[in-house]
Amino acid sequence: MKLRETLEAQEFEPYIHITRGPGDGGHWARQYAHRFDLVLISGGDGTICEVINGLSGTDKPIAIFPSGTENLFAREMGVLPDCDQLIQTLKWGRRVVMDMGQVNHRKFLLLSGVGFDAHVLLELNKFRTGNITHLTYFWPIWRTLWEYRFPPMTVEADGEIIVENARGLMFVSNISRYAVGLRICEQARYDDGLLDICFYHCTHQFRLVKHAWNTVMRTHCRDSMVTYRQAKKIRVTSTEPIPFETDGDPVGNLPAEFSVIPQAVRVILPP
Ligand SMILES: [Mg+2]
């Protein structure tokens, strides 16, 4: 195990817990993290989010060593899967305090998607076996693209209705990055005490493809078919059962009440 050898060579005294499945990382963090100075999380975004949820309510700092498919959190923070950088981080790293989001009493670290992308994840989970790659998403996205009907929703941001009974899909984010390098909530900062909202007005597949292209080109925020806002509290409702996800896990259907939890997580980043 290279990570253990690297840490021991630098006179750290690591205790290594290997997670056994979903839920185990969060359980371990809740039970045992208080015994250590720092929790170093080696994994993908799912593992990181789970451990951070387990640590919530404590002031235990975390560091990360990315080893997942997307590593959105690590990319946003400039963390590489590199042992030399890790040692520099542990010895001389910058300490930052970042916000978390909350939706219907569930906390999230990165982002939440309402509608289309939650539907893709539900499709994916129907036949998922073990670890996923980008290719695993192809059929779920393809099926959702042709089946999804973009049911209407209403979005209220800090008490103001910004989208009223309109068809589309939306994202609420704490970070600027989304999967495959897209920057959907491109103005989002993880420490500004606000959540960023990006609502794509959309009634059919071809409009969605255009939105995707504009997002790749990073011109989507100037498009009149996009509503972009920042808020502390967001309420999303619909008369139809629209699914939503947080940090890559489908969690239920609307209604959803989002809020920001300022300065919730302590993270040590590369110097
Ligand atoms: Mg923010």
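Read the numbers this way: they start at 1 and go in the same order the structure lists the ligands and their atoms. Values reported hereafter were calculated over all heavy atoms of this structure, with side chains retained and with hydrogens, waters and symmetry mates removed.
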**Prompt:** Does the pair K126/E123 count as a salt bridge with the N-to-O cut at 4.0 Å?
**Reply:** yes
**Prompt:** Is any side-chain N of the basic residue among E70 and R177 closer than 4.0 Å to the acidic one's carboxylate O?
**Reply:** no
Please tabulate, for side-chain N and O atoms in residues 23-30, each donor-acceptor pair with protein atoms closer than 3.5 Å (sequence neighbours left out).
residue : atom : partner : partner atom : Å
D24     : OD2  : H17     : NE2          : 2.9
D24     : OD2  : R20     : N            : 2.9

**Request:** Quick one: give me the number of protein N/O/S atoms under 2.8 Å from the Mg ion (ligand 1).
**Result:** 3
**Request:** Would you mind reporting whether Q205 and W146 have side-chain heavy atoms less than 4.5 Å apart?
**Result:** yes
**Request:** Check whether any side-chain heavy atom of V251 sits under 4.5 Å from a side-chain heavy atom of F244, and report yes or no.
**Result:** yes
**Message:** Are the side chains of Y190 and M77 in contact, using a 4.5 Å heavy-atom criterion?
**Reply:** yes
